[in-house]
Number of protein chains: 2
Amino acid sequence: MAKAYEKIADDLRQLIRQGEELKPGDRLPAETVLADRYRYSVPTIRQALGVLQAEGLIEKRHGRGNFVRMPRRLVQRTNERHQWEKDRAKATEAERRSTGATEHDTGLGVDDLIFSAEYQETHADEGLAGVFGVPTGTPLVERVYRTRYRVEDAPFNVARSYLVRDVVAPNPDLLDAACEPWPGGTQAQLHTLGIELDRIVETVSARPPTVEETEELGLTGGVAVMTLRKVSIDVDGRVVEVSDVVLPGDRTELTFTTRLARW
Amino acid sequence: MAKAYEKIADDLRQLIRQGEELKPGDRLPAETVLADRYRYSVPTIRQALGVLQAEGLIEKRHGRGNFVRMPRRLVQRTNERHQWEKDRAKATEAERRSTGATEHDTGLGVDDLIFSAEYQETHADEGLAGVFGVPTGTPLVERVYRTRYRVEDAPFNVARSYLVRDVVAPNPDLLDAACEPWPGGTQAQLHTLGIELDRIVETVSARPPTVEETEELGLTGGVAVMTLRKVSIDVDGRVVEVSDVVLPGDRTELTFTTRLARW
DNA sequence: GAGTGGTCTAGACCACTGT
DNA sequence: CAGTGGTCTAGACCACTCC
């Protein structure tokens with residue numbers, strides 16, 4: 001009663017896990033060859049390979065073959081970056097320029113990361129208006145950031161950050177993408193407006209990626225994305241920034257430290 | 001050149017999203033009927049349905065049909081539960097018994113949740129030994145908790161919690177599953193040993209589920225699981241508990257609030 | 001051009017669900 | 001039992017990659 005495609009998948013998984021016959025980066029035998037070897041038809045082999053793809057063990061490359069996936073560099077992000085960033089927001093520009101929060105999280109230098117930003121004006125939809133506590137349709141500045149390792153092609157995150165336009169308008173530089181990357185990040189930008197943050201609330205979920213996200217983040221197979229919504233609240237209790245970050249689920253590790261008051 | 005299965009998937013997705021022809025819980029037409037309607041073979045229809053399944057839009061039920069998925073109750077968990085739990089650890093037993101941290105997170109009463117616990121003794125593998133800072137093979141108490149809504153079948157989380165046996169041995173009740181659910185939770189248990197927590201470090205990732213997890217959590221299709229490792233550190237800087245929680249990615253929302261020191 | 005995976009066909013038979 | 005989805009076959013032809 002054992003299903004053929006599961007048996008084949010088990011067998012190949014074994015070979016990959018042991019790592020002797022099939023190492024990361026290796027090409028698997030062609031599907032026709034596997035069909036011949038296992039004495040099953042090609043569609044059945046493909047079904048087995050589909051299982052391994054969903055598990056993130058192999059990667060299908062059209063016209064080239066099926067490959068054992070390379071382990072990808074882990075992306076780490078902590079919530080201690082927020083305090084770190086706050087502390088730096090008042091530092092000199094030279095200090096702020098030397099390194100950013102993502103480098104702080106990942107332990108890399110500014111040269112290892114490539115960073116892009118786009119700015120545009122939009123209007124608050126119902127969801128964003130609710131979070132900001134402003135009327136629907138309020139003008140917002142939408143900023144899209146992509147970050148990737150210099151040595152890899154695909155970015156490891158795409159972030160959409162929203163600010164209320166009228167709040168940041170007093171400093172025209174904050175409406176200009178040419179000023180990115182802003183030394184010290186968003187908290188330093190807000191500091192130019194006299195805004196101090198009190199707390200940051202982050203909400204994490206996981207879901208299947210959309211087609212665009214699959215392409216943009218270089219995902220493969222059944223890998224999910226993690227979504228992180230970061231809401232920044234200033235010392236007056238006002239929501240001043242909302243940021244939606246999409247992260248590849250298979251290579252991201254988020255760490256949150258909660259300090260407890262003493263008895 | 002548009003691929004047939006994508007066109008079919010788009011069309012069905014449309015019907016589901018509009019929610020007029022196909023509402024949550026509805027059965028889709030049989031695959032043979034769809035094949036006839038769209039003038040494609042059954043395998044092609046199945047491929048299209050596979051896309052929708054991976055997106056979590058439909059659910060395949062063997063022998064019954066393909067169904068539009070019912071929206072599931074969201075599971076929420078915050079990091080403020082930790083301070084809340086700490087504050088309660090010293091309360092009277094009656095107070096502690098009245099409600100738990102999960103009820104605090106979800107806003108439900110103790111009667112809405114069903115809870116089970118198993119205890120067993122194991123030995124620290126390399127990973128756990130490293131986190132606890134003890135030698136590999138050190139005896140541990142492993143506790144497996146499952147929590148589910150009374151009105152649903154599948155649990156919404158499975159947690160494996162580890163304690164160093166010799167640390168908790170002074171209170172034999174902590175080695176006995178019959179004492180569960182312990183009023184006030186783990187922090188109240190540790191309080192009986194004179195242990196006070198200083199901070200909790202939580203690490204979140206997402207990955208495809210194993211076969212067992214798919215069954216246990218009632219997952220379907222390409223839904224990922226979120227994994228949360230919670231490490232509890234006491235006021236002496238010692239790791240006193242490690243807890244690995246597996247959560248269904250499609251229905252879980254984790255919230256972390258980071259409070260920032262004032263300038 | 002040779003070799004690879006991607007899409008699709010038109011069936012057969014099995015396993016599960018409900019009546 | 002009838003109806004459903006699950007597995008599997010043995011091909012055909014297309015699209016992509018690399019030489």
For this session: Walk me through it: do B:R143 and B:S161 pass the test side chain to side chain donor-acceptor pair (under 3.5 Å)?
Result: CA-CA 5 Å; B:R143 310 176 300 168; B:S161 163; 2.8 Å; yes
For this session: Test A:L163 against A:L140 for side chain to side chain contact (heavy atoms under 4.5 Å, CB included), laying out the working first.
Result: CA-CA 6 Å; A:L163 302 165; A:L140 301 178; over 6 Å; no
For this session: Show your reasoning for whether side chain to side chain contact (heavy atoms under 4.5 Å, CB included) applies to B:T227 and B:V245.
Result: CA-CA 6 Å; B:T227 59; B:V245 189; over 6 Å; no
Problem set entry | Residues B:R207, B:E213; criterion salt bridge (Lys or Arg N to Asp or Glu O under 4.0 Å); working and verdict | CA-CA 11 Å; B:R207 58 167 171 73; B:E213 288 165 346; 2.9 Å; yes
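Residue A:T44 has its side chain nearest to D:dC8 when only D:dC8, C:dG5, C:dA10 are considered. Closest to the side chain of A:K60, out of C:dG5, D:dC8, D:dG11, is C:dG5. Listed nucleotides: D:dG6, C:dG5, D:dC8. Nearest to the side chain of A:R46: C:dG5.
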Sequence neighbours excluded and cut-off under 3.5 Å, please list the side-chain donor-acceptor pairs for residues 119-127 of chain B, or say none.
| from | atom 1 | to | atom 2 | distance (Å) |
| --- | --- | --- | --- | --- |
| B:Y119 | OH | B:E180 | OE2 | 2.4 |
| B:Q120 | NE2 | B:E142 | OE1 | 2.7 |
| B:E121 | OE2 | B:R165 | NH1 | 2.7 |
| B:H123 | ND1 | B:G137 | O | 2.9 |
| B:D125 | OD1 | B:G127 | N | 3.1 |
| B:D125 | OD1 | B:L128 | N | 2.8 |

Hey, can you pull the donor-acceptor pairs under 3.5 Å for the side chains in residues 56-68 of chain B, sequence neighbours left out?
| from | atom 1 | to | atom 2 | distance (Å) |
| --- | --- | --- | --- | --- |
| B:K60 | NZ | B:E31 | OE2 | 3.2 |
| B:N66 | ND2 | B:E31 | OE2 | 3.4 |

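In this structure, B:N66 does not reach the D:dT4 phosphate: none of its side-chain N or O atoms is under 4.0 Å from OP1 or OP2. Using a 4.0 Å cut-off, some side-chain N or O of A:Y5 falls inside it from OP1 or OP2 of D:dT7.
If you measure from atom CD of A:E59 to atom P of D:dC16, you get 18 Å, rounded to the nearest angstrom. Taking atom CD on A:E6 and atom P on D:dG6, their separation rounds to 13 Å, with Å as the unit. In this structure, the CD atom of A:Q47 is 10 Å from the P atom of D:dG6, given to the nearest Å. The separation between A:I8 atom CD1 and D:dT7 atom P is 13 Å, rounded to whole Å. In this entry the distance linking NZ of A:K7 with P of D:dT7 reads 15 Å, nearest Å.
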Report each atom pair, protein N/O against N/O of nucleotides 17-19 of chain C, whose distance is under 3.5 angstrom.
| from | atom 1 | to | atom 2 | distance (Å) |
| --- | --- | --- | --- | --- |
| C:dG18 | OP1 | B:R64 | NH1 | 3.2 |

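Shown for residues 23-38 of chain B: residues whose heavy atoms fall under 4.0 angstrom of DNA chain D, namely B:R27, B:A30, B:E31.
For the salt bridge (charged side-chain N to carboxylate O under 4.0 Å, His left out) test, no residue two or more places apart in sequence or in another chain qualifies with B:D11.
Among residue pairs with one or both ends in residues 33-43 of chain B, none qualify as salt bridge (charged side-chain N to carboxylate O under 4.0 Å, His left out); sequence neighbours excluded.
Ion pair B:D105/B:R81 flagged as a salt bridge, since at least one NZ, NE, NH1 or NH2 atom sits closer than 4.0 Å to an Asp/Glu carboxylate oxygen.
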